[in-house]
J.: 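Before we start, here is the structure in question, set down as structure tokens.
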Amino acid sequence: MSRREFTLGILGGGQLGRMFTSAARTMGYDVVILDPDPEAPAAHFASRHLCAPFTDTTALNDLARSCSAVTTEFENVPAASLEILASETLVRPRAQAVAIAQNRILEKSFLQEQGIAVGAFAVARCRESLMHGLRQVGLPAIIKTSRFGYDGKGQYRIDTFEQAADLLEREPTMLPVVIEALLPLDLEISVILARSAHQAIRFWSVAENRHRQGILDVTIAPARIPEVLAQQARDTAATIAQQLDYVGVMAVEFFVSQGRLLVNEMAPRPHNSGHYTLDACVTSQFEQQVRMLAGLPAGSTEQLRPAVMVNLLGELWAEGTPPWALLLAQPEVKLHLYGKQDPRPGRKMGHFTVLGATLEQALSTAERLRQHLQRE
Ligand code: ADP
Ligand code: MG
């Protein structure tokens, strides 16, 4: 048997790629990553790092020839790159699913076609349609670029029509955009699922997510919501995965707004709100990503302990390396650092997960530790 059969590839070597690589190598696979950043967090764990742009044909061909299957850690992969890979190896998820998830206009249209509830929105491709869209959706609104947004980047809150005109003056290249009504949020939740090539779907617990300034801050799992709402969220996520003929691990973010469940967006990959699965579940989202990619049966998604995950962002490094001893002294806390050198504010540097006998206990420990970390 050739080594290629036991080699997996991934486009992107950030923290998601790193956790995938770690899981895959633990399971006996070699991993080749393609990422233009020589300091890519996944590079330390990879068997081989192709350090080249995502559009580099030579590197893409090398990746495809070395690996029995290739996946991606982020949605902003050029569709052409996935097509080059697909001509020589197995690519999961397929290019079409990634193309929809990477473009907010295609994503919203797809959801609407499926009859899935989303918040009020409009699409604008020029100045006139921007103003028309804002009138249609109503103020306050959020303008989102159709591509390349993440962690709240590429989003602008708009309270007046003048603000929108100024914004367009400053950022004329932001078009086309999606305009969304700013929704009153009761809660945000996410569903992460794995779908196999045999169309079997497994769900992890629905997660409850708190954001700060557009960036995930805390995930509470399982979400403190009625079972009917959890079931509705799982059903909706399953419909999306089936309609995309999705193979792999996928996340769907939801808003609960005035009691209604609305889809916010989807991610064609493991998700920050599923990091708790590394420590709290029989099978983590990354091990499952490996299993789905390699065509292995799915592992159990059962959650063993209630868990609360807290993101560690760059601003925590303002006074130097944070006092990790605080976290490491705790017997039920798991620290995960991503090996990034440059702690810019808002940059995801790591996370920690608190396991508890009860969710309340995990939550109060997480809150206490977070406050200590910020004060030290
Ligand atoms: P990203 O790709 O950056 O995750 P999202 O569209 O998920 O972008 O927005 C990030 C966060 O901003 C959401 O999780 C939510 O907290 C807030 N947000 C985004 N859109 C809306 C909206 N229409 N109404 C209210 N809050 C929103
Ligand atoms: Mg989001």
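Residue numbers start at 1 and run along the sequence shown. Counting convention: from 1, in listed order, for ligands and their atoms alike. Please read all numbers here as calculations on a predicted model, not as lab measurements.
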J.: How about the Mg ion (ligand 2), which protein N, O or S atoms come within less than 2.8 Å?
T.: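 Under 2.8 Å from the Mg ion (ligand 2) - ignoring waters, which are not counted - the protein N, O or S atoms are E253 OE1, E253 OE2, E265 OE2.
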J.: For residues T55 and S81, report the shortest heavy-atom separation together with the two atoms involved.
T.: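 For T55 and S81, the tightest heavy-atom pair comes out as CA-OG, 3.9 Å.
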J.: Verify ring pair (Phe, Tyr, Trp, His ring centres under 6.0 Å) between F286 and H275, making sure each step is shown before the conclusion.
T.: CA-CA 9 Å; F286 301 103; H275 289 357; 5.7 Å; yes
J.: Distance check, rounded to the nearest 0.5 Å: E265 atom CD versus E75 atom CD?
T.: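 Answer rounded to 0.5 Å: 7.5 Å.
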J.: Hey, does the side chain of W204 reach the backbone of T283 with a donor-acceptor pair shorter than 3.5 angstrom?
T.: yes
J.: Donor-acceptor pair, distance only, cut-off 3.5 Å: does the side chain of R92 make one with the backbone of M292?
T.: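 Here the side-chain-to-backbone pair exists.
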J.: Just list the N/O pairs, ligand 1 to protein, that are under 3.5 Å apart, with the distance for each.
T.:
residue: ligand 1; atom: 2 (O); partner: R104; partner atom: NH2; Å: 3.0
residue: ligand 1; atom: 2 (O); partner: E265; partner atom: OE1; Å: 3.3
residue: ligand 1; atom: 2 (O); partner: E265; partner atom: OE2; Å: 3.1
residue: ligand 1; atom: 3 (O); partner: D151; partner atom: N; Å: 2.9
residue: ligand 1; atom: 3 (O); partner: G152; partner atom: N; Å: 2.5
residue: ligand 1; atom: 4 (O); partner: E265; partner atom: OE2; Å: 2.9
residue: ligand 1; atom: 6 (O); partner: R104; partner atom: NH1; Å: 3.3
residue: ligand 1; atom: 6 (O); partner: K144; partner atom: NZ; Å: 2.6
residue: ligand 1; atom: 6 (O); partner: Q155; partner atom: NE2; Å: 3.2
residue: ligand 1; atom: 6 (O); partner: N264; partner atom: OD1; Å: 3.4
residue: ligand 1; atom: 7 (O); partner: E253; partner atom: OE1; Å: 3.1
residue: ligand 1; atom: 7 (O); partner: N264; partner atom: ND2; Å: 2.8
residue: ligand 1; atom: 7 (O); partner: E265; partner atom: OE2; Å: 2.8
residue: ligand 1; atom: 8 (O); partner: R104; partner atom: NH2; Å: 3.3
residue: ligand 1; atom: 8 (O); partner: Q155; partner atom: NE2; Å: 2.8
residue: ligand 1; atom: 9 (O); partner: Q155; partner atom: NE2; Å: 3.2
residue: ligand 1; atom: 14 (O); partner: E188; partner atom: OE1; Å: 2.6
residue: ligand 1; atom: 14 (O); partner: H211; partner atom: NE2; Å: 3.2
residue: ligand 1; atom: 16 (O); partner: E188; partner atom: OE1; Å: 3.4
residue: ligand 1; atom: 16 (O); partner: E188; partner atom: OE2; Å: 2.5
residue: ligand 1; atom: 20 (N); partner: K144; partner atom: NZ; Å: 2.9
residue: ligand 1; atom: 23 (N); partner: E180; partner atom: OE1; Å: 3.0
residue: ligand 1; atom: 23 (N); partner: A181; partner atom: O; Å: 2.9
residue: ligand 1; atom: 24 (N); partner: L183; partner atom: N; Å: 2.9

J.: Counting distance only, does the side-chain N/O of Q102 pair as donor-acceptor with the main-chain N or O of V77 below 3.5 Å?
T.: yes
J.: Tell me whether K340 forms a cation-pi arrangement with Y338, defined as NZ or CZ under 6.0 Å from the six-membered ring centre and within 45 degrees of its axis.
T.: no
J.: Apply the side-chain hydrogen bond (donor to acceptor under 3.5 Å, both in side chains) test between S66 and each candidate in R48, R3, R4; give the one that qualifies.
T.: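 In the set R48, R3, R4, the residue that makes a side-chain hydrogen bond (donor to acceptor under 3.5 Å, both in side chains) with S66 is R48.
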J.: Where do R127 and L175 come nearest, in terms of heavy atoms and distance?
T.: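 Nearest pair, atom of R127 first, then L175: N-CD1, 4.3 Å.
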